[in-house]
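Working notes, structure below.
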Amino acid sequence: MRALFNFLVKHNDWFLFLLLEGISLVLIVRFNNYQGATFFTSAGNVAGSVYSVFMDANRYFHLKTENDGLLAQNVTLTRELTELKEQLTELRNSEALQRDSLVHSINSGYTFLTANIINNSLNSVNNFITLNKGSDDGVRPEMGVFNSDGIVGVVYLVSNSRAIVIPLLNSKSSVSCRVKGSDSFCSLSWDGGDTRYSNLIDLPRYAQFETGDTVVTSGFSSIFPGDLPVGTVEKIEDSADGMFYTVRVKLFVDFSRLTSVFLVGNEGYEEQSKLEKKAQKK
């Protein structure tokens, strides 16, 4: 303490000078507009520079914390991405197994093709589906179209590289079906309503079935093999004349999510078709 007191006494002239200088500067800044504005502008710039340096230093010392947080987030995102890839692979493998199982379950005498859907209408009474393959790929009219869930429709028009399919969601569509476990067959026809449902018409009243039963293709057609899945019995009603049943069928295929399909062709289709046409003329 004594040393500090001696230092102040020894240099009291300098301290007095600095004090007077400070008072002078204050008076100049306080009572002169130009000098005051210049001082405060300069002081603001200096303070801003000092604050910027301080913030840069603060960010620098916090870099490790931020890097650790980013690293942890990166690890989490990588793990989630890996899990999504595994789920996608499992889903694709599951779909492939379902399709292979469905194809192998069909009797011999049929050929198969695959195609992708490039257009699909859902809001019309007569919807259609466009495929990315045509006659150059082996597609021909009257080929059946299905996916791993069930039947989709029938090929109607074919060009060199495109094909038009009349789906089940078309008022002109008519597919021969039966309720699984029953030998009675009938036609599946869409009434232009809900895209999740279609109707079995003219089903004999002696047919034995109930709600929840599976509807499949009958096999009495040159287009589809027998026992391809169609849907399930949702509701049973009498026909208008009371002679038959009209059955509401919930379709297995979700037409709003179609992306790819199988095409099935009966190798004996042309021969069978010619014979049947000759028979009709007689």
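- Remark: side-chain polar atoms of Asp137 are paired, donor with acceptor, to backbone N or O of Gly134 under 3.5 angstrom.
- Rounding to the nearest 0.5 Å gives a distance of 8.0 Å between OG1 of Thr246 and CG of Asp238.
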Test salt bridge (charged side-chain N to carboxylate O under 4.0 Å, His left out) on Arg140 and Glu142; report intermediate values, then the result.
CA-CA 7 Å; Arg140 59 167 176 76; Glu142 302 298 318; over 6 Å; no

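- When hydrophobic clusters are built by joining Ile, Leu, Val, Met, Phe, Trp and Tyr residues whose side-chain heavy atoms come closer than 4.5 Å, directly or via intermediates, Leu228 is not grouped with Val216.
- Residues Ile166 and Ile117 do not share a hydrophobic cluster, defined by chaining ILVMFWY side chains whose heavy atoms lie under 4.5 Å apart.
- The minimum heavy-atom distance linking Leu168 with Ser173 is given by the pair CA-OG, 3.7 Å.
- Closest approach of Leu203 to Cys186, counting heavy atoms only: CD1-SG, 3.5 Å.
- Judged by distance alone, with hydrogens and angles left aside, the side-chain atoms of Thr217 form no donor-acceptor pair with the main-chain N or O of Gly219 at under 3.5 Å.
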Does the side chain to side chain contact (heavy atoms under 4.5 Å, CB included) test come out yes or no for Val152 and Phe255, once each step is laid out?
CA-CA 8 Å; Val152 173; Phe255 285 84; 3.8 Å; yes

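- With rounding to the nearest 0.5 Å, the separation of CG in Asn170 from CG in Asn127 is 6.5 Å.
- Annotation: side chain of Asp254 is not in contact with side chain of Asp149 (no heavy-atom distance under 4.5 Å).
- Atom CG in Asn132 sits 9.0 Å away from atom OG in Ser161 (nearest 0.5 Å).
- The structure places CD1 of Ile201 at 5.0 Å from OG of Ser189, a figure rounded to the nearest 0.5 Å.
- Using a 4.5 Å cut-off on side-chain heavy atoms (C-beta onward), Phe209 and Val247 make contact.
- For Ser198, there are no side chain to side chain donor-acceptor pair (under 3.5 Å) partners, not counting sequence neighbours.
- Considering CD1 of Ile164 and OH of Tyr156, their distance stands at 10.5 Å, rounded to 0.5 Å.
- Hydrophobic clustering places Val233 together with Val175 (ILVMFWY residues linked when any side-chain heavy atoms are closer than 4.5 Å, directly or through intermediates).
- Between Phe224 and Gly153 the shortest heavy-atom distance is CZ-O, 3.1 Å.
- The shortest side-chain heavy-atom distance between Phe128 and Leu157 does not fall under the 4.5 Å cut-off.
- The same ILVMFWY cluster, assembled from side-chain heavy atoms under 4.5 Å apart, contains both Val253 and Leu122.
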I'd like to know whether Asn126 forms a side chain to side chain donor-acceptor pair (under 3.5 Å) with Ser124, so could you lay out the CA-CA distance, the side-chain angles of the two residues, the decisive distance to 0.1 Å, and finally the verdict.
CA-CA 5 Å; Asn126 294 318; Ser124 172; 5.7 Å; no

Derivation and outcome, side chain to side chain contact (heavy atoms under 4.5 Å, CB included), residues Ile118 and Arg162
CA-CA 9 Å; Ile118 57 177; Arg162 296 291 184 269; 3.1 Å; yes

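- For the pair Met243/Asp202, no side-chain contact is recorded, criterion being any heavy-atom separation below 4.5 Å from C-beta on.
- Looking only at side-chain heavy atoms (C-beta outward), Asn120 and Ile129 come within less than 4.5 Å of each other.
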Derivation of the salt bridge (charged side-chain N to carboxylate O under 4.0 Å, His left out) call for Asp227 and Arg178
CA-CA 9 Å; Asp227 295 327; Arg178 67 181 179 87; 2.5 Å; yes

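- Pairing each heavy atom of Leu200 with each of Cys177, the nearest pair is CD2-CB, 3.9 Å.
- Geometric assessment of Arg205 against the ring of Tyr245 yields a positive cation-pi assignment under the 6.0 Å and 45° thresholds.
- The number of heavy atoms from other shown groups lying within 6.0 Å of OH (Tyr197) is above 12.
- The shortest side-chain heavy-atom distance between Phe252 and Ile151 does not fall under the 4.5 Å cut-off.
- Note: Thr232 OG1 to Leu251 CG = 8.5 Å, rounded to the nearest 0.5 Å.
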For the pair Thr114 and Val261, evaluate side chain to side chain contact (heavy atoms under 4.5 Å, CB included) and give the outcome as yes or no after the intermediate values.
CA-CA 6 Å; Thr114 59; Val261 291; over 6 Å; no

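- If you chain together hydrophobic residues whose side chains sit under 4.5 Å apart, Val154 and Phe185 never meet in one group.
- Closest approach of Tyr206 and Ser184 over heavy atoms only: CE1-OG, 3.3 Å.
- Take Asp194 and apply the salt bridge (Lys or Arg N to Asp or Glu O under 4.0 Å) test, not counting sequence neighbours, and it matches Arg196.
- Of the residues Leu131, Val165, Val158, Val145, the one that meets the side chain to side chain contact (heavy atoms under 4.5 Å, CB included) test with Val139 is Val158.
- What you find for Leu263 and Val155 is that their closest heavy atoms are CD2-CG2, 3.7 Å.
- One side chain, Asn199 or Asp191, offers a donor N or O that lies under 3.5 Å from an acceptor on the other.
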Show, in sequence, the C-alpha distance, side-chain angles and deciding distance for Glu237 and Lys235, and conclude whether the side chain to side chain contact (heavy atoms under 4.5 Å, CB included) test is met.
CA-CA 7 Å; Glu237 297 179 336; Lys235 186 178 181 181; 3.0 Å; yes

